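Quick note: residue numbers are just sequence positions, from 1. All of these numbers come straight from a predicted model, not from anything done at the bench.
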Amino acid sequence: GGDRMTAARAYYCITTPVTSLTECMDRFGRLQAVFTDAEVIARLTAEVVIDSARDGIALLELRYSPGYIGMACGLDYAAVHDAVRKGVADGRNHPDAAGLVGLGLIGIIDRFQTPAEALTIAKFFVDAGDFIGVDLANDEAAFCDSVFPEAFAHAAAHGLKVTVHAGEVDSPLSAGWVVRAVKEQGAVRIGHGIHVMDADDAVAVVRSAGTVFEISPSSNYLINAVASLESHPVRAMLDAGLPICLNTDDPGLFDITLSGELVTAIHKCGLTRAEVIQANITALDASFLPMSPELAAVRAELETRLAAAL
């Protein structure tokens, strides 16, 4: 009933700002405990795919950590991935998912892993054959020395593209962490990266590299990385010539949708409708998926909308 849903949202979701990213990761632990077996993993994956399609998403990159999920249920990387594969297939076969024309998987390396564990899971992502990229996530401030150059070099050498969560938290080191991700880990996209704006030299590096920033306004606000949505630096990032796309980060954790984030970007963060459309074009161009004819058609439609919005 309604009371149970309200209680579940209060327990699992972050809908008002927490004090830090660390507190956010603690809330992630509650969600982690939900992944009790392969059937649950497959069902939740399918629901993510279906919900995304219902929200009007045409291109979906799902990123997940087999290690983090496996810690909850005792399954190894392969068993977790098999369950995710089944969920993706089930979701894509749902009638409501017809508009979802592109879907790819990005494997997450967790910062709390050892270098040997990071290399092992990077090799798993390569050998699995259906990952399009690799990411580094978890508490950046607590594990700021977890760079894992060997793991990222292995992934990149075998064709996986790199995105790294960096520069999300408010730290004097944040801008440098973004530069390190680009220079040492081969990141072509940065998850969040909002504190790159703290240092002009860092902005110059990423602008020259063409690094795309995956911006998630509500996530940044709710983990207390920015004081308010109105003060979010995405406006300044665009003015500095940095390419951005708009994302949810984690719609289940924050109880949000991508369509809602696009509205938030306009009404709270100061972006124009044309800039939001351009952000979606950037997302297509920067995707780790190849540009299929179906995605090209989506891009052409966005270009038409952009021309009308200018």
Side-chain angles (χ1 to χ4, degrees), residues 1-15 24-110 112-113 117-118 120-135 137-138 160 219 247-258 288-289:
D3 290 343
R4 291 182 63 187
M5 286 300 298
T6 300
R9 280 193 172 92
Y11 182 76
Y12 290 110
C13 299
I14 298 174
T15 56
C24 174
M25 298 312 300
D26 289 342
R27 191 68 64 90
F28 255 117
R30 298 180 185 180
L31 290 171
Q32 180 191 35
V34 173
F35 293 95
T36 53
D37 56 37
E39 183 178 356
V40 170
I41 295 168
R43 175 180 171 180
L44 291 174
T45 303
E47 290 179 358
V48 168
V49 173
I50 297 165
D51 288 347
S52 297
R54 287 172 175 167
D55 193 37
I57 292 173
L59 167 61
L60 177 65
E61 291 183 350
L62 286 178
R63 64 185 77 191
Y64 83 99
S65 166
Y68 192 75
I69 292 176
M71 289 167 60
C73 57
L75 296 177
D76 62 18
Y77 297 160
V80 171
H81 190 50
D82 285 344
V84 169
R85 281 172 168 157
K86 182 180 186 305
V88 167
D90 290 346
R92 298 203 75 172
N93 286 331
H94 193 280
D96 289 354
L100 183 62
V101 296
L103 190 154
L105 297 175
I106 297 175
I108 293 176
I109 299 173
D110 290 295
F112 57 74
Q113 293 179 310
E117 290 170 336
T120 295
I121 199 164
K123 290 179 177 178
F124 173 79
F125 295 149
V126 169
D127 294 342
D130 54 358
F131 285 92
I132 59 173
V134 62
D135 183 20
N138 211 280
L160 296 188
S219 168
N247 310 270
T248 55
D249 193 10
D250 195 311
L253 179 65
F254 299 115
D255 197 20
I256 56 175
T257 61
L258 182 58
F288 294 167
L289 281 169

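- Between His81 and Tyr64, the angle of the ring planes stays under 30°, which puts this pair in the parallel group of the 30/60° scheme.
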* May I have the step-by-step check of side-chain contact (heavy atoms from CB on, under 4.5 Å) for Phe28 and Tyr68, ending in yes or no? => CA-CA 10 Å; Phe28 255 117; Tyr68 192 75; 3.6 Å; yes
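- The two residues Phe254 and Cys24 come nearest to each other via the heavy atoms CZ-SG, 4.3 Å.
- Taking all atoms of both residues into account, the shortest heavy-atom contact from Ala97 to Ala53 is CA-CB, 3.6 Å.
- Between Arg9 and Thr6 there is no side-chain heavy-atom pair separated by less than 4.5 Å.
- Take Asp76 and apply the side-chain contact (heavy atoms from CB on, under 4.5 Å) test, not counting sequence neighbours, and it matches Ala78, Ala79.
- Although no hydrogens or angles enter the test, the distance criterion places no donor-acceptor pair under 3.5 Å between the side chain of Arg54 and the main chain of Asp96.
- Annotation for Arg43: atom CZ does not count as buried by contact number, only 12 or fewer foreign heavy atoms lying within 6.0 Å.
- Here the side chains of Ile109 and Phe125 are in contact, with some heavy-atom distance below 4.5 Å.
- From Leu103, atom CG reaches atom CZ of Arg92 across 5.0 Å, with rounding to the nearest 0.5 Å.
- Looking at heavy atoms from C-beta onward, Ile41 lies in side-chain contact with Cys73 at the 4.5 angstrom threshold.
- Using modelled atom types, one side-chain atom of Asp37 and one backbone atom of Glu39 make a donor-acceptor pair closer than 3.5 Å.
- Asn93 places a side-chain N or O within 3.5 Å of a backbone atom of Ala89 that can act as its donor or acceptor partner.
- Shown are Asn247, Thr248, Asp249; of these, the side-chain hydrogen bond (donor to acceptor under 3.5 Å, both in side chains) with Ser219 is made only by Asp249.
- Using a 4.5 Å heavy-atom cutoff, the side chains of Val49 and His94 are not in contact.
- For Leu289 against Leu59, the heavy-atom pair with the smallest separation is CD1-CD1, 3.2 Å.
- Annotation: cation-pi geometry not satisfied between Arg27 and Tyr12 (NZ/CZ under 6.0 angstrom from ring centroid, within 45° of ring axis).
- A distance of 9.0 Å separates CD1 in Ile14 from CZ in Arg30, rounded to the nearest 0.5 Å.
- Pro66 and Tyr77 get closest at one heavy-atom pair: CB-CD2, 3.9 Å.
- Formation of a donor-acceptor pair under 3.5 Å by the Glu61 side chain with backbone atoms of Phe288 is found in this model.
- Rounding to the nearest 0.5 Å places CE of Met25 at 4.0 Å from CG of Asn138.
- A distance of 14.0 Å separates CD1 in Ile50 from CG in Asp55, rounded to the nearest 0.5 Å.
- For Val101, the side-chain contact (heavy atoms from CB on, under 4.5 Å) test picks out Ala58, Glu294, Leu295, Val298, with sequence neighbours left out.
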* To do: Show the numbers, then the answer: is there a side-chain contact (heavy atoms from CB on, under 4.5 Å) between Leu105 and Ile132?
  => CA-CA 6 Å; Leu105 297 175; Ile132 59 173; 5.7 Å; no
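- What you find for Ala83 and Ala38 is that their closest heavy atoms are CB-O, 3.5 Å.
- Between Asp90 and Lys86 there is a salt bridge, since at least one side-chain N of the basic residue sits less than 4.0 Å from a carboxylate O of the acidic one.
- The shortest non-hydrogen separation linking Ile121 to Ile108 is CD1-O, 4.1 Å.
- Using modelled atom types and a 3.5 Å distance limit, the side chains of Ser65 and Asp110 yield a donor-acceptor pair.
- Partner of Ser52 under the side-chain contact (heavy atoms from CB on, under 4.5 Å) criterion, out of Leu60, Thr257, Leu258, Leu62: Leu60 alone.
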